[in-house]
Amino acid sequence: MSQLHFYRFYLQFKHLRKVFRHRFTLAPSANLPVSLYGEGTNLKPQNVPKGLTSSSSECITKSSDLQCDPIIQRYGEKKQGLTSYTLTLEEQKKNDYPIEGSPGCKGYISTECDQQRTDSSPLFGLDCEMCQTAKGNEVTRVSLVDARGQCLLNELVKPESTVLNYRTRFSGITKKMLLPVKTRLSDIQTRLKKILPHDAVLVGHSLNSDLQALEMIHPSVIDTSLLFARSEGRRFKLKFLAKAVLGKEIQCEQKLGHDPTEDARAALELAQFFIEQGPTKVAELNLEMLLTAEKLAEVSQNKAVLQGCGFQEQLNEPPPLSKPCFLDWLQVTGQKLLLLGRQGLDSSGLCQSNLNTSNKQILQRALEDVPLSKFSIIQFSLGPEYLASHLHAGLHEKVRSKLTDMLTIYAGPFEENFCMKSVKKEFGRCGPIQSLTVVTETFQPYVCIQYEVLEAAQLAVESLNGAEVAGSCIKVQRPVTAAMLDCNVLIKELELDVENEGVIYVAGLKKSLTETDLQEEFSQLKDLETLFLPKDLQSGKHRNCCFLKFQKTQSAVDAIETINGWTMKGSELRSRNALAPGHLWRWIWQMNHSNGKQGKHIFYEKMEQLSDSEQDLWKKVKKLDHHIKKLYRSLQNNTLCVVLFPGVSSTQGSQSGLGLMGIKHDEGRSAC
């Protein structure tokens, strides 16, 4: 649904328009759920209490929602022993582990740990630091820790070949440190063979690199970079996992290089956590969300540093991240999320729909579950039959046509040789005119005037009907069409709209007056809060009208009485209650200019019956408004409530969305 639906069915949305006093235009969204959760990552809410997405009205429980998590997809949900997490021979080959008999492993030493592994086999954490030599990557330091985290080996190793790069920033190794070292790779290989029992399981982060540098073959390994699985072959860094899972800071910036003992211990503890807690508990941590939050924090910090250094131009370049969303932060703070509706996201972020779930089912579940959740997204829908682009195009045309009719008035009859300039001047005092044409189909001349704002057309009907203009006593009326039969009701409801409380429309301003001039002229009005001076969206020039907002409704009523008949700089002012808030004024202007051809207006139009589908749509919208009313009334006081019509973005065209916002209060109305 879009802003189009709200104003097409304005009278049916009785609750929405009377309760939510703050509204704003939304850029059209091709897929609102994806924009809420974030693009390209599986940012669905975890720990969801309940939700409807299946034809059998099953809940999105914590378990079913985690089905798309790569960890669950790889290991299942149940806890298993450590042997379930060791890499298979095929996985070792795929991830470049040294394998017995492989061409690239000629001369490699086996750890000779060939005993059958069980879930009781001992775990050992291993990590190496390397430097770059003429031979390639060679070991400069080795650390090994046992299952209790005690260090069994922490040795510097002298490379066989000439060192080209010590990689001190990462390894912490310097030339000076290695000068007195006598230990060679063969010595480390021997010591490792002596330390490791025959059923040892080695644990490390990207352990293949360590074993390649050690030139050793070990049959049973747990690689934490693969254990904490991600989609599309990506891997979490050890530093991030240690902080997110264990709550430990490693590889700190203050230290020179990495501490291999610290890294070996962190990898070991990560594996132990995974085995003890099981895949489901790990998946519930929602590591992707935590990583996004960490990156956002880094970007924010970097921006602050750049601004402090004066590098403003660099700040205009977007960070190389997926677009963040507010749910990232909400979940990081441990807030429970609830998603109820016909749509959810799969692991790729694509929208999955289940159109068998009814709005009534969604409402019933929402009434039960919303009080249990700190943050809820409840998604209602008109149904699949109203998603077709041609239906939306027809709806757009009907709304555009009705708005055009509401902005249009007919005046007459006039004498044959009446002065068009006098007519334009008199009707121009009611507000900005978009077009003025003479109707020649009638016995006596009439004038068709199309205004740019609703208030101007209504002011013309109210103040000039029966008046003498250009020497003739004229009648002023709107076009009579089937769609316009409820125009007076609609005008009255627009006046009573909560967003128009305390807002009045003033016309007849001289275009030479600036905003400062108007502020000064209107300063004597009691409780004046804001002045809004509309501008032409093409030329940028302000119109001959403005809107005034007052702190109190009675002050607005008094201002209308004061302003009517008031002369400002030689121009007589006219005023009335506002009908269209600021966001709607811009939208009406766009609707008016979305069609190059100006609509034709006639006095009488053949009455047309609404089609069955249109009648059904009116009923559905009315029922939808009732659902929202019922849900709203069930909310706790001081609940922030936002209603979104997402808008439409497609190859056939786009329609702006609409947001309504308010805070639930005792009196049953919202405030901002």
Side-chain angles (χ1 to χ4, degrees), residues 3-4 7 25 396-412 414 418-441 445-465 469-470 474 476-481 483-484 487 490-491 494 505-513 532-547 571 573-576 578-603 605 656:
Q3 189 166 178
L4 190 68
Y7 288 108
T25 298
H396 176 273
E397 179 53 34
K398 285 185 177 182
V399 175
R400 190 199 65 79
S401 178
K402 184 160 185 173
L403 275 174
T404 301
D405 285 347
M406 291 181 70
L407 291 165
T408 301
I409 57 106
Y410 286 91
F414 292 98
F418 73 98
C419 178
M420 180 65 93
K421 187 175 181 180
S422 298
V423 173
K424 185 175 182 179
K425 182 179 180 181
E426 190 63 43
F427 280 89
R429 288 172 179 165
C430 295
I433 295 174
Q434 182 173 313
S435 64
L436 189 150
T437 55
V438 178
V439 179
T440 58
E441 288 90 343
Y446 280 78
V447 174
C448 174
I449 302 161
Q450 186 174 329
Y451 285 98
E452 293 191 12
V453 293
L454 289 175
E455 290 83 358
Q458 186 63 20
L459 197 57
V461 172
E462 293 169 345
S463 62
L464 295 176
N465 186 34
V469 178
I474 61 169
V476 179
Q477 63 184 40
R478 284 192 169 90
V480 179
T481 67
M484 289 290 286
C487 180
L490 187 56
I491 291 293
L494 283 169
Y505 167 80
V506 181
L509 306 175
K510 283 195 171 182
K511 292 186 178 181
S512 59
L513 292 171
F532 169 61
L533 190 60
K535 292 184 178 180
D536 185 294
L537 299 182
Q538 290 179 333
S539 68
K541 295 180 180 179
H542 76 74
R543 299 319 210 173
N544 66 334
C545 62
C546 71
F547 293 88
S571 180
L573 304 185
R574 290 172 179 170
S575 181
R576 75 168 324 278
L579 297 174
H583 79 272
L584 182 58
W585 183 86
R586 177 180 286 266
W587 187 67
I588 289 174
W589 192 93
Q590 291 171 337
M591 288 284 288
N592 244 356
H593 292 75
S594 63
N595 193 333
K597 296 180 181 179
Q598 189 173 317
K600 293 182 179 180
H601 305 284
I602 56 175
F603 274 110
E605 184 181 85
S656 296

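Quick caveat, the model's predicted, so the values are computed rather than measured.
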| message | On a heavy-atom basis, which atom in V447 and which in I449 lie closest, and how many Å separate them? | response | CG1-CG1, 3.6 Å
| said: Suppose we screen for side-chain contact (heavy atoms from CB on, under 4.5 Å). Which residues come up paired with S571, at least two apart in sequence or across chains? | reply: K510
| What pair of heavy atoms forms the shortest contact from I433 to K424, and how long is it? | CD1-O, 4.0 Å
| query | What's the spacing between T404 OG1 and Q450 CD if we round to 0.5 Å? | reply | 5.5 Å
| message | Quick one: does any side-chain atom of N544 pair with a main-chain N or O of K511 as donor and acceptor, under 3.5 Å? | response | no
| request: Check whether any side-chain heavy atom of V438 lies under 4.5 Å from a side-chain heavy atom of F418, and answer yes or no. | output: yes
| note | Heavy atoms of L459 and S575 approach each other most closely as CD1-O, 3.9 Å
| query | Can you tell me how far OG of S512 sits from NE2 of H542, rounded to the nearest 0.5 angstrom? | reply | 7.0 Å
| request: Indicate the atoms forming the closest heavy-atom contact of A411 with I474, along with that distance. | output: CB-CD1, 4.0 Å
| field | L490 side chain reached by K402 side chain, heavy atoms, under 4.5 Å | value | yes
| request: Start with the C-alpha distance between R574 and L464, add both sets of side-chain angles, then the distance that settles side chain to side chain contact (heavy atoms under 4.5 Å, CB included), and finish with yes or no. | output: CA-CA 11 Å; R574 290 172 179 170; L464 295 176; 3.9 Å; yes
| field | Which residues share a side-chain contact (heavy atoms from CB on, under 4.5 Å) with A457, sequence neighbours left out | value | I409, Y451, R478
| query | Which residues pass the side chain to side chain donor-acceptor pair (under 3.5 Å) test with R576, sequence neighbours left out? | reply | E462, E495
| query | Restricting to pairs with a member in residues 430-439, which pass salt bridge (Lys or Arg N to Asp or Glu O under 4.0 Å), not counting sequence neighbours? | reply | none
| Atom pair NZ/SG of K425 and C419 - distance to nearest 0.5 Å | 10.0 Å
| How many angstroms lie between atom CZ of R429 and atom SG of C545, to the nearest 0.5 angstrom? | 15.5 Å
| Distance-minimising heavy-atom pair for L573 and L509 | CD2-CD2, 3.7 Å
| query | What distance separates T481 OG1 from D405 CG, expressed to the nearest 0.5 Å? | reply | 4.5 Å
| field | Closest non-hydrogen atom pair, A507 against G431 | value | CB-N, 3.9 Å
| Looking at residues at least two apart in the chain, or sitting in another chain, which of them share a ring pair (Phe, Tyr, Trp, His ring centres under 6.0 Å) with Y505? | F547
| message | For a side chain to side chain contact (heavy atoms under 4.5 Å, CB included) check, start with the C-alpha distance between L407 and Q434, then their side-chain angles and the critical distance, and finish with the verdict. | response | CA-CA 9 Å; L407 291 165; Q434 182 173 313; 5.9 Å; no
| query | Is the shortest heavy-atom distance from the side chain of V469 to the side chain of S422 under 4.5 Å? | reply | no
| query | Do any N or O atoms from the side chain of E455 and from the backbone of L579 form a donor-acceptor pair under 3.5 angstrom? | reply | yes
